[in-house]
Enquirer: 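Below: one structure in C-alpha cells.
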Amino acid sequence: MGASTAPVPVRLDDSAYHELARSFRGSLVRAGDAPYEERRRIWNGAIDRHPALIAPCTGSADVVAALKWAVETGAPVAVRSGGHSFPGHSVCDGGVVIDLSAMKEVRVDPEARTVRVQAGVLLGELDAATQPFGLAVPSGIVTHTGVAGLTLGGGIGWLSRKYGLSVDQLLSVDLVTAGGDRVTASAVHEPELFWGMRGAGGNFGIVTEFTFRLNPVGPTVLAGPVLWPVEESGRVLRFYRDWIAGVPDELTTIVVHRKAPPLPAIPPELYGRPVVMVIACWAGEVAAGEEVMRPMREFGRPLLDLCRPKPYLAHQAMFDASFPHGWWYYFRGCGLDRLADGAVDTMAEYAARIDSPLSGFPLFQLGGAVARVGEDDTAVGCRGLGHMLNINGIRDTAEGFAEERRWVREFWSALEPYHAGVYVNFLMDEGEQRIRQAYGSRERKLDRLRALKAEWDPGNVFRLNQNIPPAGRKAAGAGGAGQAGGVGQVGPAGQVR
Ligand code: FAD
C-alpha cells in the first residue's frame with residue numbers, strides 16, 4: 001500500500017558513518033540533516049520510505065566506497081538514478097540509497113556517432129546534448145525519467161520501431177560489481193554480463209556510465225495526437241488495428257485514453273472530456289509521413305488533430321506535464337499480442353469508467369526494430385509482442401487514490417485473458433511469477449539470468465529491484481523482506497503492491 005507512514009526514527013551508528021565519510025567525496029545525508037526530507041523523496045509521491053543514509057555519489061570511486069561500506073555493515077542497498085521506479089525500488093527503509101543523480105556528464109562524439117552518458121542523466125538532458133547534431137538515442141516518452149533505470153530494463157519510446165529499444169543501442173556499460181570491482185561489459189569484455197545487463201541490469205551491479213550508439217533523428221518529426229470522443233473508442237481501436245498492420249517502421253504510435261488535459265494546445269471546451277487519442281511520431285521524411293498518417297486522421301470525425309511537423313525535442317516533452325514529481329501513482333502493465341475484439345471492448349468499457357482527471361492508459365505499439373533483435377540476444381523479454389499497455393491510476397494527493405488503484409486492478413484483471421507477458425519496467429511489486437513473465441515464456445532465459453546472478457552477485461546485494469534470485473536460492477521478494485535489516489531501525493515499509 002502506498003499510504004503515508006508516520007516519520008520513522010532511523011538510527012545510524014556514528015562510528016560507521018564517520019568511517020564512510022572519510023573516503024566519500026559527496027555530502028552524505030542522514031535523517032535530521034537539512035536535505036534529508038527532500039532527498040529521500042522519489043518521483044512517486046505514494047512512496048514514503050526512510051533510509052538510514054543517502055550517499056550522493058560524485059563518481060565511481062564514491063559508488064565503490066558506499067557499496068563496500070553497505071556490504072560490510074549489512075545495510076540493504078537501494079540504487080537511485082532518475083528516481084522513477086514505479087514501485088519505489090530506488091529508496092528503502094533503514095538502508096542506504098546509493099544516489100547517482102548528480103552524475104550528469106554527457107560526451108557526444110558526432111563523428112563516431114556515440115555518446116557516453118553518466119548514470120544520473122535524464123532523458124531530456126541526453127536529448128538536449130545529442131539533438132544539436134541531429135542525433136538521438138531512442139528512449140522513453142517523459143523527459144524527466146532516468147536514462148539508467150529505463151535502459152537497464154529495455155527502454156520503449158517514440159523511436160522504438162525505427163531503431164529498437166534504448167538497450168539495443170548500448171555499446172558498453174561501466175559498472176561497479178557487488179564485490180566492489182569496476183568492470184566494463186560489452187560485446188567483447190564480459191559478453192555474458194553484457195547480455196544480462198541489457199534487460200535485467202539492476203541485478204548485476206551499479207552502472208556508472210553507458211556508451212550508446214547514436215542514430216540520425218529529426219530535428220523535425222511529424223508528430224502529435226488526433227483525438228476522438230471516448231464513445232468512439234471501440235471503432236477507433238478497430239480501425240487503428242487494421243491501419244497499423246501496414247505502416248512502416250518510421251512510425252511509432254501510442255494510443256491514450258484519458259480525460260483531455262487543460263493544456264494550451266487543447267481548446268478549453270474539451271478540458272475534462274474523456275477522449276481516445278492516437279499519438280504518432282513519424283521519424284522520416286515529413287511528406288511521406290503525411291501520406292501514411294492520412295487514413296487514421298481522416299477516420300470518423302476527430303475532435304482535434306494536433307499531428308504536425310515539430311521539433312523532436314518538443315514531442316519528447318509532450319507528456320511531461322501529465323506525470324509531475326510528487327503525485328500519487330499506481331500503475332499496472334501487460335503485454336498484448338494483438339488487439340483482439342475482447343481486449344478492445346474491455347478498454348472501451350474501462351475508459352468510460354475513468355474518474356480521475358489525471359488517470360489514463362497508454363498503449364504502446366511495438367514491432368519493427370524491437371522485434372528484429374533476437375529474443376536470446378539480450379535479456380529483454382517479450383520482444384515479439386504487438387503492444388505494451390500501462391494502466392495509470394493517478395491522483396495529485398492521497399485523496400481518491402484507493403479508488404484509482406481499484407480501477408487499475410479491476411481493469412488489469414478484466415484484460416487477463418489477453419495478457420501476454422509484461423515489460424519489466426512497468427511492474428510494481430507483483431511477485432516472482434510476474435518477474436518470470438517479464439523474461440518471456442522461455443524458462444531457460446530466467447535460468448541463464450539466475451546463473452549470471454550467482455556469478456556476479458551471489459549474496460543478492462542488489463535485491464531491491466525486480467529481483468533475479470541467484471541460482472540455488474529463493475527469490476528475495478523485492479520491496480518486502482529486502483527492505484528490512486541493516487544499519488537503521490526499520491519502519492513500516494511504504495510498499496505499493
Ligand atoms: P530509478 O528509480 O532511479 O531506478 C529504478 C531501478 O533501476 C533501481 O531500483 C535499480 O534497480 C535500477 N537502476 C537505476 N539506476 C541504476 C544504475 N545506475 N545501475 C544499476 N541499476 C540501476 N519506460 C519506458 O521504457 N518507456 C517510457 O516511455 C517510460 N516512461 C515513463 C514515464 C514515467 C513518468 C515514469 C515514472 C516511468 C517511465 N518508464 C518508461 C519506466 C521507467 O523505464 C522505469 O521507471 C525506470 O526504472 C526509471 O529509471 P530511473 O533511473 O528514473 O529510476
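Both backbone and side-chain heavy atoms feed into the values below; hydrogens, waters and symmetry mates do not. Every number for a ligand or one of its atoms is a count from 1 in the order of the listing.
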Enquirer: Residue by residue, ordered by chain and number, which ones reach under 4.0 Å of ligand 1 with a heavy atom?
Expert: Trp43, Val79, Arg80, Ser81, Gly82, Gly83, His84, Ser85, Phe86, His89, Ser90, Ala119, Gly140, Ile141, Val142, Thr145, Gly146, Ala148, Gly149, Leu150, Leu152, Gly155, Ile156, Gly202, Gly205, Ile206, Val207, Phe323, Phe364, Tyr423, Asn425, Phe426, Leu464, Asn465
Enquirer: Show your reasoning for whether side chain to side chain contact (heavy atoms under 4.5 Å, CB included) applies to Arg107 and Glu209.
Expert: CA-CA 11 Å; Arg107 280 168 290 155; Glu209 195 158 309; 2.6 Å; yes
Enquirer: Taking Met347 as the fixed residue, which of Val276, Val255, Leu237, Ile391 is the one that meets the side-chain contact (heavy atoms from CB on, under 4.5 Å) rule?
Expert: Leu237
Enquirer: Quick one, Gln466 with Arg434, criterion side chain to side chain contact (heavy atoms under 4.5 Å, CB included). Give me CA distance, side-chain angles, the key distance, then yes/no.
Expert: CA-CA 9 Å; Gln466 301 300 347; Arg434 290 282 283 159; over 6 Å; no
Enquirer: Does any pair with a residue in residues 56-73 pass salt bridge (charged side-chain N to carboxylate O under 4.0 Å, His left out), and if so which ones, sequence neighbours excluded?
Expert: none
Enquirer: Under the side-chain contact (heavy atoms from CB on, under 4.5 Å) test against Phe462, which residue among Ile468, Asn467, Ile206 passes?
Expert: Ile206
Enquirer: Under 6.0 Å from the NE2 atom of His325, do we count more than 12 heavy atoms belonging to anything else shown?
Expert: yes
